[in-house]
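Residues take their numbers from the sequence shown, with the count starting at 1. Note that the coordinates shown come from a computational prediction; the quantities given were computed from them, not determined experimentally.
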Amino acid sequence: MLYIYITPDYGRALAMGCAPNGENNFDDENHKIKFENPQLFDPNEPIYIYCIDSETIPKDKIKLGENGFDYVVDIDKLIPQEIKEKKAREVLNFYELTNWKEKNSEINNLLKIK
């Protein structure tokens with residue numbers, strides 16, 4: 001099942017889009033993120049933010065998740081008004097990544113097998 005989370009917070013949308021697989025801890029109050037797998041975060045990875053007017057989604061298709069975020073269910077197609085392509089590193093303008101550092105990333109990227 002595919003979930004589409006809805007947030008009016010652009011920084012949070014970036015954070016959700018750039019987070020690597022794993023149990024990631026988002027502290028929205030203090031603007032900090034701790035990744036379960038920080039070695040998987042690639043600051044140069046493209047991420048896509050789909051801008052959708054939530055007023056175009058039927059109210060009965062929007063559910064509140066246990067994480068406090070609204071999400072969309074049982075809709076086959078949503079048409080975004082805009083798609084923004086960004087680099088994952090833009091999240092650093094909004095959040096501190098508590099267990100990831102740029103220097104470590106450079107080393108990990110050199111060691112990746114392509």
Side-chain angles (χ1 to χ4, degrees):
M1 177 176 279
L2 174 68
Y3 290 100
I4 299 171
Y5 291 96
I6 302 171
T7 178
D9 183 332
Y10 181 72
R12 184 60 150 107
L14 284 168
M16 293 295 292
C18 78
N21 287 335
E23 290 289 323
N24 301 306
N25 183 352
F26 296 89
D27 179 352
D28 293 312
E29 187 174 317
N30 296 304
H31 297 276
K32 295 181 179 189
I33 303 172
K34 182 177 182 182
F35 295 138
E36 178 181 10
N37 299 303
Q39 73 281 4
L40 299 179
F41 176 74
D42 178 356
N44 296 313
E45 180 179 6
I47 59 170
Y48 301 91
I49 305 295
Y50 294 82
C51 302
I52 297 171
D53 181 358
S54 63
E55 296 297 318
T56 64
I57 302 169
K59 299 286 185 225
D60 65 326
K61 303 295 183 187
I62 298 176
K63 305 294 181 194
L64 180 62
E66 61 188 49
N67 59 4
F69 286 92
D70 291 337
Y71 65 97
V72 179
V73 295
D74 298 326
I75 290 183
D76 293 330
K77 187 176 185 179
L78 287 172
I79 300 172
Q81 284 75 26
E82 180 181 6
I83 301 173
K84 297 179 181 183
E85 181 177 347
K86 301 293 178 181
K87 296 289 184 191
R89 78 171 51 259
E90 190 171 325
V91 75
L92 299 170
N93 296 328
F94 299 91
Y95 285 85
E96 175 189 346
L97 305 182
T98 61
N99 62 341
W100 178 89
K101 301 291 181 230
E102 187 81 31
K103 201 171 244 185
N104 292 343
S105 173
E106 292 170 9
I107 293 168
N108 287 338
N109 285 335
L110 289 173
L111 297 175
K112 282 184 183 175
I113 299 173
K114 295 186 179 191

Original post:
Under 4.5 Å between any side-chain heavy atoms of F35 and L97, yes or no?
Top reply: yes
**OP:** Could you tell me whether the side chain of N24 reaches within less than 4.5 Å of the side chain of K34, counting heavy atoms only?
**Re:** no
Subject >> Test side-chain contact (heavy atoms from CB on, under 4.5 Å) applied to K63 - qualifying residues, sequence neighbours left out >> reply: Y71, V73
Subject >> Separation between CD of Q39 and CG of N99, rounded to the nearest 0.5 Å >> reply: 9.0 Å
**OP:** Assess whether atom CG of N21 is packed by more than 12 heavy atoms of other residues, nucleotides or ligands within 6.0 Å.
**Re:** no
Subject >> Nearest-0.5 Å distance that lies between atom NE2 in H31 and atom CG in N93 >> reply: 12.5 Å
**OP:** State whether the side chain of D9 and the backbone N or O of G11 hold a donor-acceptor pair below 3.5 Å, judged by distance alone.
**Re:** yes
Original post:
Any donor-acceptor pair under 3.5 Å linking the side chain of D27 with the backbone of N30?
Top reply: yes
Original post:
What are the two closest heavy atoms between E102 and P43, and how far apart are they?
Top reply: OE2-CG, 4.1 Å
Original post:
Can you name the salt bridge (Lys or Arg N to Asp or Glu O under 4.0 Å) partners of E55, sequence neighbours left out?
Top reply: K59
**OP:** Would you indicate whether the side-chain heavy atoms of I33 and F94 approach each other to under 4.5 Å?
**Re:** no
Original post:
Of all residues at least two apart in sequence or in a different chain, which pass the side-chain contact (heavy atoms from CB on, under 4.5 Å) check with I62?
Top reply: I6, I57, D70
**OP:** Quick one: list whatever passes ring-ring contact (aromatic ring centres under 6.0 Å, His included) with Y50, sequence neighbours left out.
**Re:** none
Original post:
Counting distance only, does the side-chain N/O of E85 pair as donor-acceptor with the main-chain N or O of P46 below 3.5 Å?
Top reply: no
Original post:
For L40 and P20, which heavy atoms make the closest approach, and how far apart are they?
Top reply: CB-CB, 3.6 Å
Original post:
Could you state the interatomic distance from CD (Q81) to OG1 (T56), rounded to the nearest 0.5 Å?
Top reply: 5.5 Å
Original post:
What do you reckon, is CD1 of I79 surrounded by more than 12 foreign heavy atoms closer than 6.0 Å?
Top reply: no
**OP:** For K61, look at atom NZ and say whether over 12 heavy atoms of other residues, nucleotides or ligands are found less than 6.0 Å away.
**Re:** yes
Original post:
Do you know the tightest heavy-atom contact between W100 and P38?
Top reply: CD1-O, 3.3 Å
**OP:** Rounded to the nearest 0.5 Å, what's the gap from CD1 on I47 to CZ on R89? Could you check?
**Re:** 11.5 Å
Original post:
How many angstroms lie between atom OG1 of T98 and atom CG of N25, to the nearest 0.5 angstrom?
Top reply: 7.5 Å
Original post:
Which residues pass the salt bridge (Lys or Arg N to Asp or Glu O under 4.0 Å) test with D28, sequence neighbours left out?
Top reply: R12
**OP:** Please identify each residue that fulfils side-chain contact (heavy atoms from CB on, under 4.5 Å) with K84, with sequence neighbours left out.
**Re:** Y10, I49, C51, E82, K86
